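If you're wondering where the values come from, they're calculated on a predicted model, not measured in any experiment.
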Amino acid sequence: MRAAFFFGVVTQIGLALFVFNGHAQQADNQPSRGDGLVAKLKEVEPKLKATFAELLEKAEGGDAAAQDRICRLLVHGQGTKVDLESAFGWAGKSANAGYGLGQFHLGLMCRHGTGAEPDEKKSNEWFAKAAKGLPALVEQKNLPAMRALAILHYRGWGGLEQDRVAALKLYQQAADAGDALSLVEVADQLWDGKGTRRQRIKAKALYRKALPMLMGLGEAGDRQAQFIAGNLLAGIRMGDRDFEESIKWQHPGADAGYSPAQFLIGARHQKGHGVPKNDAIAMDWYNKAAEQGHPGAINNVGWMHGNGRAGGGVNGAKAAAMYLRAAERGNSVSQNNIAMRLFGGADIAMDKEKAFMWHQRSAENDYGRGQYYLATRYDTGEGTDPDLEKAVYWYKRAAENDEINSQAKLAQMYRDGRGVKRDLRESLNWLARITEFDRDIVNPFVASEQIKARTAAQSYVKLKKYISEGWPISPRDLNVAEAEAEKGDANAQYELAALNAGGVGGAAQSAKNAHKWAAKAAAQGHAGAQYYLGICREEGRSVSRSSAKAKE
């Protein structure tokens, strides 16, 4: 199934909505490349085991790079069985030897509770060391190091400021060197407009270029490549979804115990994507991944209990407990989920201060909805002291992550001049952004987001018309404009007319009042007001239509 697309009103007149149904099928039921994956993996298994044995010997001899590689192979179940505790141990040896990639991977494992209990403090400490150690590996053209440093920049981890431009530069450097995983990351940033402007046509071409490269790596046993190939096939960014083919690429990893793949196979059965919907099978896969500490799987186990789909009735207390467990492992969605439950006292004691803390953690983990709710808490002063400046900051962070409620909030704040200087062109920009990205039918929020996108498109047309008529972009506050207009200030009269014409800044939209104050300003020779009166005469707004008087 494909998305419902909202094309941006910046380049379109009004709002165009297109819905595509169905997903890609193999022509005439011919075998796909995924059908041959299992056989190819059997062929390469001896080579994978030999590679693991060779690296293990080096790792046991103190080679820090080999220790890091052994860690990743144990996590992926590649040439060996999945063993997260051993993986954590090897990451520790590599990190303590001062190897930047080992420090980065140990930081990830500490953050997500992989192979050990989660410890965000230690995670930050290891990320900070990695941020200092990775640049030397990048200079050596180490592709995994480029990806790792890019992640630190993208997320703002390790004491680095969030810098998506720097992240994109590193991903591009690795992609140019032939790294398929980085090529996908470049495409993602182009698609989302992160660190650059949106370039969807180029992004789609890069996804299509990356997919066969990933498949080739996947056939050679690369677990990450298999996983990402499956994600591309299940997504909307190359065209129609193909869940069935996606499953073929991710099932080998799930069968081998790779928890991210187990999690997604569970999701396919939960939602009926590419397989019949089956909650029991979904729970089995979720539990397998959750037992390994996979935060997303733990979150979804909670969701299943909270919605009565885990076998038995609704169990809100179990859901809250699982959300908390996943939140402690760095899952940004769960951090926001537990915050919402703490805020409302749903199946857990109400604690708005704790709720604020989890919203903050979710926001700092770059989750758009968490950022929106953190901004809201600052905006309203619930669970913390009100701080409009911080509210605007987090609304902007969320809006850049395409969080639609924050985009709508910013459009309103720039329109009304609340927390920011009134700027109607910036308001117009955020209204346009609401309509510029895909509304995925699979997304549970799609119905409400479609309504917001339609509303934004309508508001865009009105505001665009307002600006095209020459009204000021940043009219002064209503009370100030009224006071100065009454004193006879022509500019204030014109700005008061603008506020009434647009219904902004607290003024009720009134064509009659707009005409009244524009006439007063025009009588004093204000050119903008005279131009507006010409429009009124031409279109018959609040006065009789007259082409001659309009021309005058």
Do [X] and [Y] get their side chains close enough for a donor-acceptor pair, meaning under 3.5 Å?
| X | Y | value |
| --- | --- | --- |
| Asn405 | Gln407 | no |
| Gln292 | Gln262 | yes |
| Lys512 | Asn500 | no |
| Lys248 | Ser32 | yes |
| Asn365 | Ser332 | no |
| Arg415 | Ser427 | no |
| Tyr414 | Asp423 | no |
| Tyr258 | Gln250 | no |

In Å, rounded to the nearest 0.5 Å, how long is the span from [atom1] of [X] to [atom2] of [Y]?
| X | Y | atom1 | atom2 | result |
| --- | --- | --- | --- | --- |
| Leu152 | Leu160 | CG | CG | 6.0 Å |
| Asp188 | Leu183 | CG | CG | 10.0 Å |
| Tyr494 | Tyr531 | OH | OH | 9.5 Å |
| Leu496 | Arg476 | CG | CZ | 10.0 Å |
| His153 | Lys169 | NE2 | NZ | 10.0 Å |
| Thr380 | Leu388 | OG1 | CG | 11.0 Å |

Kindly indicate whether the side chain of [X], heavy atoms from C-beta on, has any atom under 4.5 Å from the side chain of [Y].
| X | Y | answer |
| --- | --- | --- |
| Gln270 | Trp303 | yes |
| Gln371 | Asn401 | yes |
| Leu233 | Leu211 | yes |
| Ile467 | Ile473 | yes |
| Tyr373 | Arg369 | yes |
| Lys202 | Trp191 | no |
| Met215 | Trp249 | yes |
| Glu538 | Arg545 | no |

Positive for side-chain contact (heavy atoms from CB on, under 4.5 Å) with Tyr323, one of Asn337, Asp347, Ile298: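 So the option named by the test is Asn337.
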Checking the side chain of [X] only, and the main-chain atoms of [Y] only, is there a donor and an acceptor separated by less than 3.5 Å?
| X | Y | answer |
| --- | --- | --- |
| Gln226 | Gly218 | yes |
| Arg268 | His273 | no |
| Glu185 | Tyr171 | no |
| Arg241 | Ala234 | yes |
| Ser246 | Asp242 | no |
| Tyr466 | Pro472 | yes |
| Glu403 | Ser406 | yes |
| Gln509 | Ala501 | yes |
| Asn307 | Arg309 | no |
| Asp477 | Asn479 | no |

List the residues meeting side chain to side chain contact (heavy atoms under 4.5 Å, CB included) with Arg541, not counting sequence neighbours, and say none if there are none.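 In terms of side chain to side chain contact (heavy atoms under 4.5 Å, CB included), with neighbours along the sequence ignored, Arg541 is linked to Lys465, Glu469, Tyr532, Ile535, Cys536, Glu539.
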Give the minimum heavy-atom separation between [X] and [Y], together with the two atoms involved.
| X | Y | result |
| --- | --- | --- |
| Gln335 | Ala327 | NE2-O, 3.1 Å |
| Pro252 | Leu37 | CG-CD2, 3.8 Å |
| Pro475 | Leu424 | CD-CD1, 4.3 Å |
| Ile265 | Ala254 | CG1-CB, 3.8 Å |
| Ser259 | His294 | OG-CD2, 3.6 Å |
| Glu449 | Ile404 | O-CD1, 3.6 Å |

Aromatic centroids of His359 and Trp394 separated by under 6.0 Å: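 No, ring centres 6.0 Å or more apart.
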Give a yes or no on whether the ring-centroid distance for Tyr378 and Phe356 is below 6.0 angstrom.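 Under 6.0 Å, so yes.
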Got more than 12 heavy atoms from elsewhere within 6.0 Å of NZ, Lys464?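 Result for NZ/Lys464: open.
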Test side chain to side chain contact (heavy atoms under 4.5 Å, CB included) on His112 and Leu108; report intermediate values, then the result. CA-CA 6 Å; His112 299 308; Leu108 276 182; 4.1 Å; yes
Under-4.0 Å salt bridge between [X] and [Y]:
| X | Y | answer |
| --- | --- | --- |
| Arg418 | Asp379 | yes |
| Asp402 | Arg433 | yes |
| Lys271 | Asp279 | no |
| Arg147 | Asp179 | yes |
| Asp366 | Arg164 | yes |

Give me each pair satisfying salt bridge (charged side-chain N to carboxylate O under 4.0 Å, His left out) with a member in residues 317-330, each pair once, sequence neighbours excluded.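 Counting only pairs at least two positions apart or across chains, the salt bridge (charged side-chain N to carboxylate O under 4.0 Å, His left out) contacts touching residues 317-330 are Glu117-Arg329.
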Distance to the ring centre below 6.0 angstrom and angle to the axis at most 45 degrees; does that hold for [X] and [Y]?
| X | Y | value |
| --- | --- | --- |
| Arg341 | Trp358 | no |
| Arg397 | Tyr372 | no |
| Arg237 | Tyr207 | no |

If you apply the rule side chain to side chain contact (heavy atoms under 4.5 Å, CB included), what do you find for Val301 with Asn287, and how did you get there? CA-CA 7 Å; Val301 168; Asn287 283 324; 3.8 Å; yes
Could you walk me through whether Gln189 and Tyr154 pass side chain to side chain contact (heavy atoms under 4.5 Å, CB included), step by step? CA-CA 10 Å; Gln189 289 198 226; Tyr154 190 91; 3.7 Å; yes
Apply side chain to side chain contact (heavy atoms under 4.5 Å, CB included) to residues Arg200 and Leu190 and explain how you reach the verdict. CA-CA 6 Å; Arg200 298 238 161 130; Leu190 293 176; over 6 Å; no
